[in-house]
Amino acid sequence: MLGFVIRRILFAIPIALGVSVVCFSLVYLAPGDPLQTVLPPDATAETIAIVRHAYGFDRPIPVQYLIWLWHVLQGDFGRSIATRRLVSLEVSGALANTAMLALFAAPLSFGLGAAMGAIAGWYPGRAIDRLVTGAAVIGVSLPNYWLGIVLVILFAVEFMVLPASGMGQSGSAAFSLWRWSDARFLVLPVLTLAMIPIGIIARSTRAAVAEVRGLDFVTTLRAIGLGEGAVLRHVLKNAAPPVLAVMGLQFGYLVGGSILVETVFTWPGSGFLLNKAIINRDIPVLQGTILALSLIFVATNLVVDLLQAALDPRIRRR
Amino acid sequence: MSETAIQAAAETPPASPMRGYWRSVFARLGRDPITLCFAVVVLAIVLAALAAPLIAPFDPYQQSIIGRLKPPGWRGHPLGTDELGRDLLSRLLYGGRISLLMGLAPVLIATLIGGTLGMIGGFAGRLANTAIMRTMDVFYAFPSVLLAVAISGAMGGGIGNGILSLSLVFTPAMCRIAETASAQVKHLDYIEAARASGASAARILRHHVLGNVLGPVLIYASSLVSVSILLASGLSFLGLGVQPPEPDWGLMLSTLRQSLYVDPLGCALPGIAIFTTSVCFNLLSDGVRRAMDVRA
């Protein structure tokens with residue numbers, strides 16, 4: 001097991017480095033000179049040269065990457081072009097807000113999705129299976145940004161029971177989960193964000209449970225005389241590893257893919273920050289946010305792999 | 001199981017098992033009325049988008065200052081007008097062309113590039129495999145929405161950049177699937193036999209590996225179409241895909257959202273179009289997968 005853990009961690013390092021290369025190259029994907037945004041349009045050739053030197057853009061690109069990486073490793077992502085604030089501060093504040101959405105959406109979608117999928121997989125072909133499968137297809141086909149708008153139309157405009165957007169009057173800094181006047185701002189974004197993972201997890205749990213249920217050992221368990229409850233427990237345990245992998249992936253998507261939902265609800269999280277950075281062509285913030293989010297995704301995948309190996313000894317031997 | 005399969009393959013002439021397989025897939029599809037229904041709906045959506053210039057009642061770009069955000073039926077506009085007084089139905093029809101293009105093109109590109117790279121990666125030696133698969137792993141390490149947004153965000157909006165970024169998002173997973181399928185058959189006896197009889201690597205790939213890779217790759221590609229439509233509309237919704245005044249479902253959703261309080265119905269319509277298309281493609285893909293699964 002220890003060997004597997006070490007190998008898996010060593011394997012994540014080159015991936016993380018590759019991710020950092022991609023994030024760094026985003027500057028060069030952008031059309032035009034990366035300095036365009038910081039220089040006035042009438043800058044003289046001399047000023048351009050000075051600024052270019054100050055930002056280190058006159059060095060070879062691999063050297064620029066290494067310098068950037070060195071700073072990033074020390075937690076220095078540079079300063080935002082739009083606000084002049086430290087990128088690390090902007091990103092960590094936004095990440096906290098995104099994490100809050102994900103931490104509520106994850107148990108909701110994992111619990112509901114797994115329960116729906118397990119019931120459907122236990123009764124394949126029955127009416128309940130059709131119902132769950134249909135609901136799951138709707139969940140994965142819904143554009144969640146549209147669902148957000150519809151929920152706003154219903155609950156904020158028609159019934160006026162929940163707020164339409166933002167984090168409330170106290171704002172991001174003073175937001176408290178224990179005050180309903182603040183916490184109610186979470187309800188619609190969390191519901192919207194949870195919809196796709198519910199569908200995906202219900203689908204994969206159904207497939208896993210239905211498959212394990214048909215295996216020979218289940219017949220054996222019944223032949224030994226185990227009750228249905230005990231058989232179900234065995235089936236669920238054996239269906240867990242693939243479902244767990246999907247859940248891990250979905251948690252990564254909840255954190256890294258919340259940009260659409262955050263934009264709909266103007267929730268001041270990392271996706272919203274990313275959207276702002278794109279509009280302002282604020283490359284340091286763009287790089288910092290994407291690097292942070294994708295590294296979280298890499299770390300999540302690592303944790304899921306280790307958890308899976310802990311549950312299923314066969315994986316360790318690969 | 002593999003022995004009987006090889007035996008069966010040896011007994012039948014080389015071209016016909018393939019044709020027989022696809023014929024049986026279509027036969028199974030023909031016996032599945034629900035999937036056929038969704039196929040008809042998908043066909044209708046595609047045809048409506050293609051025939052937009054013929055059936056659209058108004059010019060989708062024609063604005064009207066006095067006719068903004070009018071309800072359905074106002075002066076012959078079947079679904080009313082948008083925030084600039086343009087006919088909503090015409091814009092939905094024309095929007096379908098761009099939305100479908102942005103949904104289908106990335107899947108096609110990713111299938112071609114990812115499928116080919118994966119097939120080669122699974123079949124080739126260790127070095128080529130490592131080079132291809134480790135590069136793919138890096139792009140696989142990004143959440144898909146994030147990668148699409150990052151690339152389109154850095155390169156700027158537009159249909160071309162949107163298609164490019166989505167293609168890049170779908171390529172790694174496609175490559176992995178093709179690689180697995182191709183590596184599975186690499187050491188089977190019939191491949192060794194082909195090699196021993198002097199077939200070149202390209203010939204073996206084309207005649208003996210491709211058939212085994214095609215099934216899983218096509219099944220995965222069919223399931224990607226609805227994801228791609230959702231992501232592409234999402235990009236346009238964020239202002240990173242299709243640019244105004246072009247009609248596109250995601251972009252319409254984002255501009256009509258501003259008038260949410262005045263005209264909730266108009267704001268819901270483009271979303272219904274995206275949702276319907278995405279659901280139908282999803283169910284169609286499920287049906288195709290069931291039909292292509294020989295075990296069932």
Side-chain angles (χ1 to χ4, degrees), chain A residues 11-12 14-19 21-23 25-31 133 137-138 140-147 149-150 152-154 156-158 164 196 249 252-260 263-264 271 274-275 277-279 281 283 286-287 289-290 293-298 301, chain B residues 134-157 161 164-165 168 223 226-227 229-231 233-235 237-240 249-250 253-254 256-257 260-261 264-265 267-283 285-286:
Chain A
F11 178 71
I15 300 274
L17 280 178
V19 164
V21 171
V22 174
C23 290
S25 340
L26 286 176
V27 184
Y28 296 94
L29 273 181
T133 313
V137 170
I138 291 177
V140 293
S141 314
L142 265 180
N144 56 9
Y145 38 98
W146 177 67
L147 177 70
I149 296 173
V150 171
V152 166
I153 293 177
L154 284 179
V157 181
E158 292 295 324
I196 292 178
L249 210 59
Y253 283 127
L254 283 177
V255 176
S258 58
I259 176 165
L260 286 160
T263 305
V264 169
L274 194 60
N275 202 3
I278 290 169
I279 293 167
R281 301 215 60 74
I283 296 289
L286 186 74
Q287 274 179 330
T289 320
I290 291 172
L293 289 175
S294 41
L295 287 183
I296 290 175
F297 194 60
V298 172
N301 286 344
Chain B
R134 292 301 87 82
T135 314
M136 290 298 155
D137 281 346
V138 168
F139 287 97
Y140 208 67
F142 290 90
S144 51
V145 184
L146 188 67
L147 186 59
V149 166
I151 296 170
S152 316
M155 290 196 308
N161 285 351
L164 194 72
S165 67
L168 198 64
S223 75
S226 103
V227 180
I229 288 173
L230 286 184
L231 275 182
S233 310
L235 281 184
F237 179 75
L238 291 173
L240 291 173
W249 294 339
L253 197 54
S254 115
L256 284 166
R257 188 162 76 100
L260 176 73
Y261 297 93
L265 174 74
C267 176
L269 278 174
I272 293 173
I274 301 172
F275 174 58
T276 315
T277 315
S278 152
V279 161
C280 289
F281 270 109
N282 243 329
L283 290 165
S285 140
D286 283 356

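Every chain is numbered from 1 and lettered A, B, ... according to where its sequence line falls, protein lines coming before strand lines.
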**Student:** Taking every heavy-atom pair that is under 4.5 Å apart, which of A/Leu17, A/Leu286, A/Ile259, A/Leu293 has the most such pairs with chain B?
**Tutor:** A/Ile259
**Student:** Side chain, backbone, both or neither: which part of A/Val140 has a non-hydrogen atom closer than 4.5 Å to chain B?
**Tutor:** both
**Student:** What heavy-atom pair brings A/Gly252 and B/Pro143 nearest, and what distance separates the two atoms?
**Tutor:** O-CG, 4.2 Å
**Student:** Minimum heavy-atom separation for A/Ile15 and B/Ala141, please, with both atom names.
**Tutor:** CG2-CB, 3.6 Å
**Student:** Considering only heavy atoms and a distance below 4.5 Å, find which of B/Leu283, B/Thr277, B/Leu238 pairs most often with chain A.
**Tutor:** B/Leu238
**Student:** For the backbone of B/Ala268 and the side chain of A/Trp146, can you confirm whether one donor and one acceptor N or O come within less than 3.5 Å of each other?
**Tutor:** yes
**Student:** How many angstroms lie between OG in B/Ser254 and CG in A/Leu260, if you round to the nearest 0.5 Å?
**Tutor:** 11.0 Å
**Student:** Using the side-chain contact (heavy atoms from CB on, under 4.5 Å) rule, take B/Tyr140 and A/Asn301 through it: C-alpha gap first, then chi angles, then the decisive distance, then the call.
**Tutor:** CA-CA 11 Å; B/Tyr140 208 67; A/Asn301 286 344; over 6 Å; no
**Student:** Quick one: pull up CD1 in A/Ile196 and CG in B/Leu230 and give me the separation to the nearest 0.5 Å.
**Tutor:** 6.5 Å
**Student:** Relative to chain B, which segment of A/Val264 carries a heavy atom at a distance below 4.5 Å: side chain, backbone, both, or neither?
**Tutor:** both
**Student:** Any chance you could lay out the side-chain contact (heavy atoms from CB on, under 4.5 Å) test for A/Val22 and B/Phe142, step after step, and finish with the verdict?
**Tutor:** CA-CA 10 Å; A/Val22 174; B/Phe142 290 90; 3.7 Å; yes
**Student:** Work out which heavy atom in B/Arg257 is nearest to a heavy atom in A/Thr263; give both atom names and the distance.
**Tutor:** NH2-O, 3.9 Å
**Student:** Output every pair passing salt bridge (Lys or Arg N to Asp or Glu O under 4.0 Å) with a member in residues 136-152 of chain B, not counting sequence neighbours, ordered by first then second residue.
**Tutor:** B/Arg134-B/Asp137, B/Asp137-B/Arg176
**Student:** Select one option (side chain, backbone, both, neither) describing which atoms of B/Phe237 are under 4.5 Å from chain A's heavy atoms.
**Tutor:** side chain
**Student:** Minimum heavy-atom separation for B/Leu146 to A/Ser294, with atom names?
**Tutor:** CD2-N, 4.1 Å
**Student:** Search all heavy atoms of A/Ser141 against all heavy atoms of B/Asn282 and return the closest pair with its distance.
**Tutor:** OG-ND2, 2.8 Å
**Student:** So which of A/Ile279, A/Val21, A/Ile290, A/Val298 has the biggest tally of heavy-atom pairs under 4.5 Å with chain B?
**Tutor:** A/Ile290
**Student:** Counting heavy-atom pairs closer than 4.5 Å to chain A, which one of B/Leu235, B/Ile274, B/Leu253 comes out on top?
**Tutor:** B/Leu253
**Student:** Do you know which of B/Ser226, B/Ala150, B/Ala148 has the most heavy-atom pairs with chain A at a distance under 4.5 angstrom?
**Tutor:** B/Ala150
**Student:** Counting heavy-atom pairs closer than 4.5 Å to chain B, which one of A/Leu147, A/Val152, A/Ile138, A/Val150 comes out on top?
**Tutor:** A/Ile138
**Student:** Pick whichever of B/Val227, B/Val149, B/Thr276, B/Ile151 has the most heavy-atom pairs under 4.5 Å with chain A.
**Tutor:** B/Val149
**Student:** What part of B/Ile272 lies closer than 4.5 angstrom to a heavy atom of chain A: side chain, backbone, both or neither?
**Tutor:** both
**Student:** Check step by step if side-chain contact (heavy atoms from CB on, under 4.5 Å) holds for A/Tyr253 and B/Ser144.
**Tutor:** CA-CA 8 Å; A/Tyr253 283 127; B/Ser144 51; 3.6 Å; yes
